[in-house]
Amino acid sequence: MDIGLRHLRYFLTLAEEQHFTWAADRLGISQPTLSRHIRRLEEELGRTLLDRSTRHPRLTEEGHRLRDDLQLLLPQLETALRPAEPQSSLRLGYTWGFPLQRGRRAQAVLEERHLVRVRTVRRDDRTAGLRDGSVDAALLWGTVHDPRLVTTEILREPRIAAVSRNSTLAVRERVTWRDLGRRCLVVNTVSGTLTPRDWPADATPEIAAETSNIEEYLHAVAARRGVGVLPVSVAAQHPDPDILYLPLTGAPEAVLTYAYPRANPHPYAETFGRVLRRGRADERAAFVKNTEPDGRGAKAASRRA
């Protein structure tokens with residue numbers, strides 16, 4: 001059977017117009033060409049699709065059945081066979097710092113496999129632009145509780161202390177959570193995740209400086225307005241000659257959350273979240289493999305130790 005999409009498209013157009021001249025004009029072909037293709041379709045199917053005994057063609061019972069089927073199937077078939085084209089970009093917001101390894105790997109997967117460009121957008125507000133619709137999804141530090149958003153925990157990582165190199169803490173090799181509780185604290189009031197309430201009641205720091213973005217935050221720490229606390233990966237992205245980052249013990253882990261609107265989400269917002277979560281699973285599997293008692297990774301780690 002030698003039937004192409006063209007024959008089916010021509011027949012469906014004629015079935016909708018019920019007029020050879022109008023259908024041919026709509027298709028941009030001549031009336032004889034259209035008539036020839038319809039004849040060819042009937043011959044290949046072995047069925048009469050049109051009743052030509054009247055002035056204008058009318059569909060036979062077989063013609064009605066084929067028209068009803070094609071109205072559902074032909075658009076789907078044409079869509080399936082259409083060459084892949086890049087989708088509209090996904091605007092991904094972030095605030096403090098972009099998780100470079102995990103985020104860039106997920107970005108590459110979405111662009112290569114799904115042909116959706118990911119455009120990262122830094123926005124200094126609590127939802128990194130989700131609230132005002134300037135981004136389609138966001139990576140946010142901290143746990144997010146908002147019924148309007150779909151949220152997923154992506155990773156947890158240690159926090160690190162940020163102190164001025166002129167601070168009395170600069171001589172330490174590491175500090176504890178309670179050590180910082182006895183100091184003045186720099187806080188980000190716009191997108192920060194920590195407040196003095198996160199410390200024990202008997203070791204609660206005082207707020208010495210309020211800032212609204214990462215640059216102001218680091219300037220305040222460097223100027224000895226107070227101490228800061230950052231996720232390790234964020235600190236790594238913001239080296240400063242006047243700031244010393246010290247290992248921090250006893251601190252709660254930093255949580256990175258992926259979020260997107262529950263109502264009218266971007267078509268690939270959920271897919272990007274799945275890619276991010278898959279990255280977490282891959283990292284966990286690699287960790288388990290390298291720490292199994294009888295695994296090579298464990299032996300290698302033992303030799304390194």
Side-chain angles (χ1 to χ4, degrees), residues 93-103 122 124-128 138-145 151-259 276 279-280 283-284 287:
Y94 69 97
T95 51
W96 283 83
F98 189 76
L100 298 181
Q101 185 176 17
R102 179 79 63 85
R122 177 179 152 187
D124 291 314
D125 68 59
R126 183 66 189 92
T127 62
L139 286 165
L140 309 170
W141 287 104
T143 302
V144 180
H145 301 287
T151 60
T152 304
E153 181 181 308
I154 298 303
L155 61 81
R156 289 174 176 257
E157 69 175 43
R159 298 181 192 266
I160 196 167
V163 303
S164 168
R165 288 189 178 273
N166 295 319
S167 167
T168 56
L169 290 176
V171 298
R172 303 272 197 93
E173 291 186 357
R174 63 180 58 246
V175 293
T176 69
W177 192 239
R178 297 183 71 87
D179 288 336
L180 297 189
R182 301 185 181 94
R183 301 280 173 157
C184 292
L185 185 68
V186 178
V187 298
N188 183 328
T189 59
V190 175
S191 59
T193 61
L194 290 177
T195 71
R197 292 191 299 273
D198 294 297
W199 273 261
D202 61 342
T204 303
E206 295 182 3
I207 296 178
E210 295 183 344
T211 64
S212 61
N213 57 56
I214 186 66
E215 286 81 12
E216 292 177 0
Y217 190 91
L218 295 177
H219 288 323
V221 171
R224 297 186 65 184
R225 301 288 186 267
V227 297
V229 180
L230 295 171
V232 169
S233 63
V234 175
Q237 294 176 52
H238 295 90
D240 188 298
D242 298 316
I243 292 178
L244 186 65
Y245 292 114
L246 296 175
L248 180 59
T249 58
E253 289 183 309
V255 177
L256 183 68
T257 301
Y258 174 69
L276 286 167
R280 179 175 64 179
E283 290 168 6
R284 186 183 299 113
F287 174 80

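If you're wondering where the values come from, they're calculated on a predicted model, not measured in any experiment.
To the nearest 0.5 angstrom, L155 atom CG is 9.0 Å from T257 atom OG1. In this structure, CG on L276 lies 9.0 Å from OG1 on T152, to the nearest 0.5 angstrom. Atom CZ of residue R225 and atom SG of residue C184 lie 11.5 Å apart, to the nearest 0.5 angstrom. Between atom CZ of residue R178 and atom OG1 of residue T204 there is a gap of 9.0 Å, rounded to the nearest 0.5 Å. The NE2 atom of H219 sits 8.5 Å away from atom CG of N213, with the distance rounded to the nearest 0.5 Å. Rounding to the nearest 0.5 angstrom, the gap separating the CZ atom in R174 from the CD1 atom in I160 is 10.0 Å.
Taking the six-membered ring for Trp and thresholds of 30 and 60 degrees, Y217 and W96 have ring planes more than 60 degrees apart, a perpendicular arrangement.
Heavy atoms only, all atoms of each residue included: T127 and D125 are closest at N-OD1, 2.9 Å. Between D240 and D242, the shortest heavy-atom distance links the atoms OD1-N, 2.8 Å. For S212 against D124, the heavy-atom pair with the smallest separation is O-CB, 3.8 Å. Closest heavy-atom contact between A161 and V175: CB-CG2, 3.7 Å. When all heavy atoms are compared, the tightest approach of W141 to G97 is NE1-O, 3.3 Å. Across all their heavy atoms, T211 and A220 have their closest contact at CG2-CB, 4.2 Å.
Checked by atom type and distance alone, the side chain of E153 never pairs as donor or acceptor with a backbone atom of V255 at under 3.5 Å. Although no hydrogens or angles enter the test, the distance criterion places no donor-acceptor pair under 3.5 Å between the side chain of R165 and the main chain of A170. Not a single donor-acceptor pair under 3.5 Å links the side chain of W177 to the backbone N or O of P252. A donor-acceptor contact shorter than 3.5 Å is absent between the side chain of W199 and the backbone of L180.
With contacts defined as side-chain heavy-atom distances shorter than 4.5 Å, the pair R159/T193 qualifies. Here the side chains of I214 and L230 are in contact, with some heavy-atom distance below 4.5 Å. Between R183 and L169, some side-chain heavy-atom pair lies under the 4.5 Å cut-off. Between P99 and Y258, every side-chain heavy-atom pair lies at or beyond the 4.5 Å cut-off. A heavy-atom distance below 4.5 Å is not found between the side chains of I243 and V163. At a threshold of 4.5 Å between non-hydrogen side-chain atoms, the residues I207 and P196 count as touching. Using a 4.5 Å cut-off on side-chain heavy atoms (C-beta onward), L139 and L256 make contact.
Residues meeting the salt bridge (charged side-chain N to carboxylate O under 4.0 Å, His left out) test with D179, sequence neighbours left out: R172, R182.
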If you apply the rule side-chain contact (heavy atoms from CB on, under 4.5 Å), what do you find for R126 with V144, and how did you get there?
CA-CA 9 Å; R126 183 66 189 92; V144 180; 4.3 Å; yes

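Atom CD of E253 has more than 12 neighbouring heavy atoms from other residues, nucleotides or ligands inside a 6.0 Å radius.
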